[in-house]
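Read the structure below first, then the notes.
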Amino acid sequence: MKYLGITLERPKIGIFDFTGCEGCQLQIANNEASLKDLFGLVEIVNFREISSERRDDYEIAFVEGSITTDSETARLKKIRKQAKILVAMGACACSGGVNNLRSRFSLPETIKEVYGEHHIDSGPVRKLKDIVPVDIELPGCPVSKNEFEWLVRNLVLGITPQFPTYPVCVECKQRLNSCVVDMGMICLGPITRGGCNAVCPRNRFGCWGCRGPSDEVNFESLMEIHIKRGFSEEQVVERINFFNTFSGIFK
Amino acid sequence: MKIKIDRPINIEIKHMTRVEGHGDIKIRVENGKLAECVWKIVETPRFFEVMFKGLPIEMAPILASRICGICSISHALASARAIENAMQIEIPEAAQKARVLAKHAETLQSHTLHLFFLIAPDFLNALSVIHVIKSNQRLVELAAMIKGFANNASDLFAGRTTHPVVIKIGGLTQVPRKKQLRELAKDLNVTIPYLWEALDVFKKFELPDFTRETEFVSLKGGDCYPFIGGDLVSSDGVRKKEDEYLAMTNEYLVDFSTSKFTRLSRESFAVGALARFSNNYDLLHPKAKEVAGMLNIKPGDFNPFFHNLAQLVECFHVIYESKDMIAELIDSDTSEFSIPYKPEQCEGVGVVEAPRGILYHYYRLNKDGKIEEADCVIPTSQNHANIYYDLQSFVEKLIAQGKGEEEIGHLAQMLVRAYDPCISCSVH
Amino acid sequence: MEENEVIGPKSRDRDIEGNKIYRFLKLNSFDELEMDYTRSYLSPKNYFLPFKEDLVTYSLQDKGWEQEINYTIHPRVIVGMRACDINALLKLDQVMLKSAYPNPYYFARRKNTLIIGLDHEPLEDCFCKSMNSDTAFHGFGMFLTDIGDKYFAAINSDTAFIILNRFDAEEITDEDRLLFKAEKKKIELKFKTQVNITILPELMDLEFESEVWKKWGDKCLSCGTCAMVCPTCYCYGMEEDIDLSITKAVKRRFLYSCNLLDFAAVAGGHNFRPDAGVRLKYRYYHQFRGFMEAFDQSLCVGCNRCGNACLAGINPKAVIDDLIETETK
Amino acid sequence: MSTKIIQHDINLEPFMSKSPDFNRKSILMQTERSFKSEIINIITLTALEKLFHIRISDHFERENFSFLPGQFVMLHLPGCGEVPISISSSVSNKEYIELCIRKVGKVTGMIHRLEPGAIVGIRGPFGTHFPVQKMTGCDVLLIAGGLGIAPLRSPIYWINEHRSKYRDISIMYGARDPDQVLFDYQFEEWKKIYGLKLLTIVQNAGKNWKGRVGLITDLFKEITIDPENTFAIVCGPPVMFKFVCAHLSDVGIPRHRMFVSLERRMHCGMGKCCRCNVGSTFTCLDGPIFDYWTVMNLKEAI
Ligand SMILES: Cc1cc2nc3c(=O)[nH]c(=O)nc-3n(C[C@H](O)[C@H](O)[C@H](O)COP(=O)(O)OP(=O)(O)OC[C@H]3O[C@@H](n4cnc5c(N)ncnc54)[C@H](O)[C@@H]3O)c2cc1C
Ligand code: SF4
Ligand code: SF4
Ligand code: SF4
């Protein structure tokens, strides 16, 4: 394949999953119409969910899910060693995602609740970045299929992709939505990174912040707005903590 | 004179491919006898039951959908239904219809993914659909078009294909507009012939011959093929109400698996397309029955590989039924799609038929509308025991037929795949 | 209806208080049209300057490419635009058609759109009168004023005239003219919100370093909503995309907002406007001062859509009053 | 309503048949059409900068293309992006234009990977130019820092081509490191043939550097300025021209006779996107070349 005379390499890609729902991987397979072009552009050498081919010569690794056990840690480290570019795919991989909700309880308590005295190998929920360096974070729960393909195109062209720095609100207006805050819902759109095409507000459903913070975040103002409209601080905080994507910048 | 050489067989498949989640198969044959044969779930648990604790109820369907990326709509529906049942509220009719349509879209989506992407390569001697594109392009095109339609329908009825956004307690955040429905109906009519074309391909696949009689558990429909709510039945004659689900599942732990196992009247039971088909054959759409006839599958067939045929039959069922339901929705008043509710101290169960079988969600709420306790019983975990026993008996049969190590490994994987296990979901 | 796309105010949602939220959307039949609408949440500007617009498509081959540029626009009718919205278009015309490098995409849309305007009684917070935008004299095909049981129609184009003749239109009588005048007067008297704009350009300069900007900037979410809903904000950005087969590329324009963080970022990560307050200031500066310098009028038409849509409650009236107050202090 | 509105297809209207003329700004034209242009030669200057010779492919368009020193073009790689780049060649070179490009990001990074023969797009020229005609009969001081030398080449060529009309010409050029000095292969030519005074200085001298070491303002010691009859052109990073211009006004050169080239992020080059807007001023239309008086009165210009 050529672009303006430059021969483009067909990068080898591995797609891996850890603790998560595999919804993000599914997004890749979900674009049936373009799947053929995708397979033409990159060589998928490892994608357990849909392929029995397993090779370890991948250059770009897309990794889904959070890390909860030692064996997972070891496997992730191995992937990191092989991959030139490691992409954390989805909220679980980028921030721990909803898995973090269980961190509100202690681990032994948690295990006992579900498995009784049965032995289960599990540790605290960690995002990829806690263990290995991550090159690119593809946000969202699940990731958007368009954004995934956009990322792949950029990687093939050798361009470092620039994710939107603006919040969801911008795209929400572009889709001519009515604002869900005006309609009486909590929405994290004003502080959440755009790029999802505002699917949630589009469906009259406030944003939950699965894509994490936009480049400029004004928590105080967001809180004030919601409190003025009759929500409690607790409700907003619960929302902000749901995907754990704001951890680190929101206390 | 035949010489029998008993070579020891040692099969260990780590992280089996083309299934959702992580499972291992281990088979050991010594002196021509099956010494060990396990279906081992190694998925790391996420402890969803714990995650639910303390959350406000409106977060339940959102969180529930994250249990599984493939059947997220079912989880959200079961979750919302459980809480609605608990608070004893009845959602408006338009919302009920739209929910069933969302369910149908997911069923079609999930079944096509499984049939075309995960199963077909086995019969076409390919490692994956990526290779099928080269050898059998038309099949992949068909898959793309059918699944494309299913994705559009999911987008329309659930907000997006994975992790729905419109399903909320008390109904939906919105129902599609008439114009959108009309467009979808057009799309649907275009898609139906593709399904028939695909049928011709699948008809030719030769399924392994293997039968192990088992118990089929599913919902029982009143006047239509069941997807959301209803009585729980088993082919061994058990019949229970939605909230008696614990008596139906009887979960227990085994030490080689992070997923729980279940049993009812015998050592194991099966759920899923074949169970639904068997228990509700009469309620299928006539076109779907026609397809069943063409595929030569009848209620009471126990070959687990028929699971895939039943899925195909269901694809026809959901697409034809969707066609009728969309027409109905276009002609009915859809302005009411959500009702208000007040949280109270209560508990409830919601049952739906996920693509892979019957799915239960249970919640106990406190008076502030926070979840105190949650329980989810996933179809695949109900199937694990059945897969486990099937595998043993299947492998024994294969050994008796004198099959070699490689072939046994391959067929064993095919058997597991036939159940379309959704492992991360079963561990949750 | 069948031949032309018709856009008009429709309401699908209600706010917490139960008020309808109007938007300019495609109409499937005239029954859907809500002529008594108050103010649309978003301005109809996107029918002239779409939020996203493919400008050029390219087909790539080996070392080179071919470009295809197309300005074809299907004719469209927009019903129910307010005087301020029409004035907003006239201001956009200044930028898009009357200055260096006219914008052909805009031109094509403008040429192929028939505008049917509609008078209304101002809302509490409209200040278009202060901005001299409460009446429109041109820039539309037809303009309707409700005079009791009929509409008084001002006609500005031949197409509009032909359309009008399809309805049972009557010649205007003297009585109608009186009614019309009375109605206009009534509307004029209804304006409650006033903004003192004569001193604004000067004020903007004097208060360039004012604390007022910081105060409002602290509330600002930098979400770009104000610019997105505004009928006159036209700043944009470019993006380019390539398809998965690396054979097709497209150059796309998307409307942007000067309130967004990276609007003025340049080489080496330097950002000329890193603070929300400074960016906010630049939006006002452009609206009330910059545009004035270039075209002798301010860009704002006083519809207060930005104030209405801003969740943080930032609106021109409050900000300007604040400026005036600090200035006179 | 059943009146079909007549569609105006502006693709067909007469103005389209004229060839786009970017220097006549009044007519409506295909503002988004780029001239297809071929990269005919690439000269690697440093690790970060390359000089591209770009030739507009169409014979007619190439003839029509004309610019003045200081103007820029929008260089376009379809599917990748479009960037403003100052023209770095002589206005009388009708065969090709030269663009000196530093690799900083997405588009510039891609350009650096291209090879001769690749087709890129050119739109323009855009922007204001250095008032070289006004400068006749005077001394001209050209001061460049770093990449700032690129836009200065065009006025240097111009002056050389009209050498007799100007008095003393001095070029002051400062770079951070010796290996970042651009166009040093032309210095001798400039000095000897063009008869210019050329002073270079670097901030951090390496082993092989034998020239001056220090900041660009140090060079002022070596020249005498006749403030009444001097024009200055200053190009470089904002900090640099702030200091330089301050010095020059101390010497007594009026601010409206100093010219600087401003840099802003540009998306259109046509005064529409407002990205480069400073108050009511558009860097792309009213600039990039401004006299220093205007710059000082621009809020937030530097
Ligand atoms: C009038 C004018 C003339 C110019 N002349 C030249 C020239 O002769 N040679 C040359 O190498 N460069 C020149 N530039 C700068 C050049 O346009 C930018 O380096 C280029 O746009 C960066 O694009 P990119 O896609 O490679 O970078 P991006 O990937 O977009 O960004 C990389 C970095 O560059 C910054 N950046 C992006 N656009 C600009 C911009 N327009 N100006 C400054 N920084 C920017 C970003 O903030 C970021 O830090 C000129 C700029 C202007 C406005
Ligand atoms: S980020 Fe969301 S969709 Fe992706 S794996 Fe995690 S839970 Fe699933
Ligand atoms: S709107 Fe919010 S919650 Fe929904 S996908 Fe976008 S970022 Fe995620
Ligand atoms: S009031 Fe606000 S939205 Fe309306 S024209 Fe003025 S700046 Fe734009």
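Basis for what follows: all heavy atoms, side chains included, without hydrogens, waters or symmetry-related copies. Just so we're on the same page: letters track the sequence lines, and every chain starts at 1.
- Under a 3.5 Å cut-off, the side chain of R48(A) and the backbone N or O of M16(B) do form a donor-acceptor pair.
- Without hydrogens or angle criteria, R66(B) side chain to C141(A) main chain gives a donor-acceptor distance under 3.5 Å.
- When atom types are taken as modelled, the side chain of R104(A) and the backbone of K53(B) share a donor-acceptor pair closer than 3.5 angstrom.
- Using a 4.5 Å cut-off between heavy atoms, E234(A) touches chain B through its side chain atoms alone.
- For Q25(A), no part lies near chain B; criterion is any non-hydrogen pair under 4.5 Å.
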Donor-acceptor contacts under 3.5 Å from residues 140-148 of chain B side chains, at least two apart:
from, atom 1, to, atom 2, distance (Å)
E141(B), OE1, R138(B), NH1, 3.1
E141(B), OE2, Q137(B), NE2, 3.3
K147(B), NZ, N30(A), OD1, 2.4
K147(B), NZ, E32(A), OE2, 2.7

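- The SG atom of C200(A) lies 11.0 Å from the NE2 atom of H163(B); values are rounded to the nearest 0.5 Å.
- The residue among H15(B), E49(B), E251(B), H131(B) with the most heavy atom pairs within less than 4.5 Å of chain A is H15(B).
- Interface residue I111(A): backbone and side-chain heavy atoms are both found under 4.5 Å from chain B.
- Proximity to chain A (any heavy atom under 4.5 Å) is restricted, for L118(B), to the side chain, taken from C-beta onward.
- In this structure, chain A has no heavy atom under 4.5 Å from any part of L172(B).
- Residue E109(A) does not touch chain B at all, counting heavy-atom pairs closer than 4.5 Å.
- Residues R202(A) and V165(B) are not in side-chain contact: their nearest non-hydrogen atoms beyond the backbone lie 4.5 Å or more apart.
- Contact count against chain A (heavy-atom pairs under 4.5 Å) is highest for N151(B) among V166(B), N151(B), I133(B).
- F16(A) is linked by a ring-ring contact (aromatic ring centres under 6.0 Å, His included) to Y58(A), counting only residues two or more places apart in sequence or in another chain.
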